[in-house]
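Okay, structure first, notes after.
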Protein chains: 2
Amino acid sequence: MAGSKSLTGGVSNLDEMSVIEPVCAVFRRTLKGAGLKYTLERAQILDAVMRQPGLFHADELIRGLKQEGFRVSKATVYRTLKLMQDSGIIQRVLFDDDDAGRYQVVFGTSASDLLIRTDNGEATQIELPELRALCEKICARHGLTLKGHRLQVFAAPE
Amino acid sequence: MAGSKSLTGGVSNLDEMSVIEPVCAVFRRTLKGAGLKYTLERAQILDAVMRQPGLFHADELIRGLKQEGFRVSKATVYRTLKLMQDSGIIQRVLFDDDDAGRYQVVFGTSASDLLIRTDNGEATQIELPELRALCEKICARHGLTLKGHRLQVFAAPE
DNA sequence: CTTGGTGCAAACATTTTGCAGCACA
DNA sequence: TGTGCTGCAAAATGTTTGCACCAAG
């Protein structure tokens, strides 16, 4: 991770990044579909994003990238983050006050569901399979097709 | 600094809060409990908020107030909005890109649940009674007490 | 008086955009 | 050659804060 370019580049050789593979493909496909390119910077950012533990701040991400020696500008990071949203790889999350800039990886997980502790803000990804059916039901009732969902459960100890 | 700091200590039970008790009373009680005052401006803002159809933007609210002849500053509006969040009367909502500044009245409704059309951004409040039990189950599994939840269902026609 | 509230404007944090140069199809 | 990409810095949002003054207990 400290080297120069051990990225998912995809042009030729890869490293031992396994989680990233499918996401990478999705991202690339989406980009290509829009006439955009899968550049080194975008690969680096995707890589960094997938390495994030659940939730992350755009700011942290940027700092992390710089710390690892990558020279990406925040403009590019934000631009890429937006592209990733469009590709359905990540989504913005806001669960309480003052939580701007918070993102979450949603690709390859059913991780739109969060359990959030109101006492310390800690967020855990939860699994709630039954929810899917509920959402589908609601959509059907409105004559719509389910595209996704997001649940935030707030709780405290005691 | 993640958790919210409730003025009276954990308002929370939004879902079962009876519709009967006027929001005004709750707000007032909460304020008093924190040694704060229920001023004219706060009343005006609360009033305007309750008049909002579901979701609203802080910005719209401010414009609306000014248009009605009230001379409240945005600073006061934001300060009051925050107080209302702490009282559990409203909550911030972010369901997609670019939706900062969006709020929702949650008092007296089980309205943390939204059906959002991905094609035009239109948001409808939905009723999903079964969800409550699911949330409770999850909380129990983690040894926590349910404080509230928020669901966003994304869907499109076709 | 003392505590809190308000408006205003400046400050902030986050995200976006204009621009010039660069890279690759 | 053109189209897209990048970094930088400036701009644009959305929200908060410092300050001086006002209002009520």
Side-chain angles (χ1 to χ4, degrees), chain A residues 5 7 9-12 27-28 30-46 48-49 55-66 69-86 90-94 96-103, chain B residues 1-2 4-5 7 27-28 30-46 48-49 55-66 69-86 90-103:
Chain A
K5 40 166 70 184
L7 263 297
V11 183
S12 32
F27 194 30
R28 231 152 49 175
T30 313
L31 289 173
K32 173 167 283 183
L36 304 176
K37 297 168 191 167
Y38 185 65
T39 65
L40 176 63
E41 287 84 355
R42 288 176 183 168
Q44 292 174 340
I45 294 168
L46 174 61
V49 163
L55 294 164
F56 64 94
H57 277 281
D59 203 50
E60 286 168 10
L61 187 73
I62 294 169
R63 256 201 308 280
L65 278 164
K66 300 214 156 157
F70 298 117
R71 280 169 287 104
V72 286
S73 69
K74 66 183 174 170
T76 297
V77 171
Y78 277 113
R79 285 190 273 237
T80 304
L81 247 20
K82 183 163 273 183
L83 290 174
M84 290 188 191
Q85 286 179 70
D86 295 343
I90 61 172
Q91 67 182 180
R92 295 182 75 166
V93 179
L94 174 70
D96 200 11
D97 206 17
D98 288 339
D99 281 306
R102 188 98 76 147
Y103 294 78
Chain B
M1 33 189 74
S4 53
K5 24 128 190 249
L7 296 173
F27 194 32
R28 228 146 58 169
T30 314
L31 288 173
K32 174 167 282 184
L36 303 176
K37 296 166 191 167
Y38 186 66
T39 65
L40 177 62
E41 286 85 355
R42 287 176 185 168
Q44 291 173 340
I45 295 168
L46 174 61
V49 164
L55 293 164
F56 64 94
H57 277 282
D59 205 49
E60 285 168 12
L61 187 73
I62 294 169
R63 257 201 308 279
L65 279 163
K66 299 213 157 158
F70 298 118
R71 280 168 287 103
V72 286
S73 67
K74 65 182 175 171
T76 297
V77 171
Y78 276 114
R79 283 190 276 238
T80 304
L81 245 23
K82 183 162 274 185
L83 291 173
M84 289 186 191
Q85 284 180 72
D86 295 342
I90 61 172
Q91 67 181 182
R92 296 181 75 167
V93 179
L94 173 69
F95 52 70
D96 200 9
D97 206 17
D98 288 338
D99 281 306
R102 189 97 78 145
Y103 293 78

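Heavy-atom basis, side chains included; hydrogens, waters and symmetry copies ignored. Below, chains carry the letters A, B, ... as their sequence lines are ordered, and counting in each starts from 1. For clarity, every value in this text was computed on a predicted model and none was experimentally measured.
The side chain of B/Glu41 lies closest to C/dT6, out of C/dT6, D/dT6, C/dA10. If you check D/dC8, D/dT15, C/dT15 against the side chain of A/Ala75, the one that comes closest is D/dC8. When distances are taken from the side chain of A/Lys37 to each of C/dC8, C/dT14, D/dG4, the shortest belongs to D/dG4. Distances from the side chain of B/Arg79 to the nucleotides C/dT17, C/dA10, D/dT17 place D/dT17 closest.
Considering only side-chain N and O atoms, B/Lys82 lies nowhere under 4.0 angstrom from the phosphate OP1 or OP2 of D/dT15. Between A/Thr76 and D/dG7 there is a side-chain polar atom (N or O) within less than 4.0 angstrom of OP1 or OP2. The shortest distance between the side-chain N/O atoms of B/Thr39 and the OP1/OP2 oxygens of C/dT6 is below 4.0 Å.
Here the side chains of B/Thr30 and B/Asp86 are not in contact, with every heavy-atom distance at 4.5 Å or above. The side-chain heavy atoms of B/Lys32 and B/Tyr38, taken from C-beta on, include no pair separated by under 4.5 Å.
Of all heavy-atom pairs spanning B/Arg42 and B/Lys37, the tightest one is NH1-O, 2.8 Å. Counting all heavy atoms, side chain and backbone alike, B/Ile62 lies closest to B/Val77 at CG1-CG1, 3.7 Å.
For the side chain to side chain contact (heavy atoms under 4.5 Å, CB included) test with A/Leu81, the passing option among A/Thr76, A/Leu46, A/Leu61 is A/Leu61; the others fail.
Atom P of nucleotide C/dA9 and atom NZ of B/Lys74 are separated by 10 Å, given to the nearest angstrom. Look at CG on A/Leu83: it is 15 Å from P on C/dT15, rounded to the nearest Å. Look at NZ on A/Lys32: it is 11 Å from P on C/dA25, rounded to the nearest Å. Between the CG atom of A/Leu40 and the P atom of D/dC5 there is a distance of 14 Å, given to the nearest Å. Remark: P of D/dA9 and OH of A/Tyr78 are 17 Å apart, rounded to the nearest angstrom. Remark: P of D/dC5 and CZ of A/Phe27 are 10 Å apart, rounded to the nearest angstrom. Per the geometry, CZ belonging to A/Phe70 stands 16 Å off C1' belonging to D/dT6, to the nearest Å. Rounded to whole Å, atom C1' of D/dT15 lies 11 Å from atom CG of B/Asp59.
Within 4.0 Å of A/Arg42, counting heavy atoms only, lie sugar-phosphate atoms of the nucleic acid but no base atom. Contact annotation for A/Leu36: backbone-only contact, meaning every heavy-atom pair under 4.0 Å involves sugar-phosphate atoms and none involves a base.
Both B/Gly35 and B/Arg71 sit near DNA chain C, but only B/Gly35 has its closest nucleotide nearer the 5' end.
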